[in-house]
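The figures that follow rest on heavy atoms only: side chains count, while hydrogens, waters and symmetry mates do not. Here, residue 1 is the first one in the sequence, and each next residue gets the next number.
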Amino acid sequence: VEKIKAWVSKGNTLILEKGAINWAIAQKLINVTLKAKKDSTIQSFSYANRRNVAGAQQINGAIFEVKMDLTHPLAYGYNNEKINVFKSGELFLEKSKNPSSNPIIFTEKPVQSGYISSKNAKMIPNSVMVDVQSVGKGMIISFSENPNFRAFWYGNTKLFMNALFFGRTIDAGTAK
């Protein structure tokens with residue numbers, strides 16, 4: 001962890017996706033707050049239905065709308081501030097006090113296509129898809145989703161490429 005911090009501090013960019021965010025939080029590498037999961041409204045169910053009930057609470061792949069700051073380096077090449085992204089998993093990030101450090105967030109009514117449980121439908125609106133933090137001269141860019149998911153959803157690959165190529169051009173004052 002110390003070697004990673006030193007590497008980023010020298011002006012490099014570390015890009016985190018999904019589960020790597022949990023690891024980085026645990027290592028105190030980033031300062032990101034996860035949205036607290038609300039208890040399920042399901043009161044009881046039979047033993048035989050437990051897998052179905054648990055499975056219904058997962059996001060196994062659905063399409064959601066995000067809004068991005070078109071002036072941010074991560075949005076280079078995009079012309080519309082709203083795009084659709086592919087989401088799987090239940091990782092929801094809280095907004096930062098510095099709005100510039102969250103250039104891409106899920107919209108108020110993000111569901112475009114696919115299934116989402118009522119519990120997760122309450123968690124995703126206005127949650128953060130991309131968080132940017134400065135560490136020394138470098139940046140840590142955290143994607144709550146995998147923008148390159150199986151090369152299946154091409155429109156988001158540009159977000160990853162922008163992080164890769166323009167991460168070091170992000171003004172440290174706009175990051176956490």
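The main-chain N or O of N31 is found under 3.5 Å from a side-chain atom of Q133 such that the two form a donor-acceptor pair.
Taken to the nearest 0.5 Å, the CG atom of L91 stands 10.5 Å off from the CD1 atom of I124. Between R168 atom CZ and M139 atom CE the span is 11.0 Å, to the nearest 0.5 Å. Rounding to the nearest 0.5 Å gives a distance of 6.5 Å between NZ of K67 and NZ of K82.
Applying the side-chain contact (heavy atoms from CB on, under 4.5 Å) rule to T169 yields the partners P73, F166; only residues at least two apart in sequence or on another chain are considered. Here S96 pairs with S101 under the side-chain hydrogen bond (donor to acceptor under 3.5 Å, both in side chains) rule; sequence neighbours left out.
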Checking side chain to side chain contact (heavy atoms under 4.5 Å, CB included) for the pair S127/L93: CA distance, chi angles, key distance, verdict? CA-CA 5 Å; S127 65; L93 307 179; 5.7 Å; no
Working note: F160 + E17, criterion side chain to side chain contact (heavy atoms under 4.5 Å, CB included); need CA distance, chi angles, decisive distance, verdict. CA-CA 10 Å; F160 180 82; E17 294 178 355; 3.7 Å; yes
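The environment of N79 atom CG is sparse: at most 12 non-hydrogen atoms of other residues, nucleotides or ligands sit within 6.0 angstrom. Counting heavy atoms of neighbouring residues, nucleotides and ligands inside a 6.0 Å radius, atom NZ of K18 exceeds 12 of them.
Here the side chains of S100 and H72 are not in contact, with every heavy-atom distance at 4.5 Å or above. Taking the side chain as every heavy atom from C-beta outward, V128 and E94 never approach each other to under 4.5 Å. A heavy-atom distance below 4.5 Å is not found between the side chains of L16 and D131. Side chains of Q27 and I4 form no contact here, defined as non-hydrogen atoms less than 4.5 Å apart.
F92 carries K87 over the face of its six-membered ring, with the cationic atom under 6.0 Å from the centre and within 45° of the normal.
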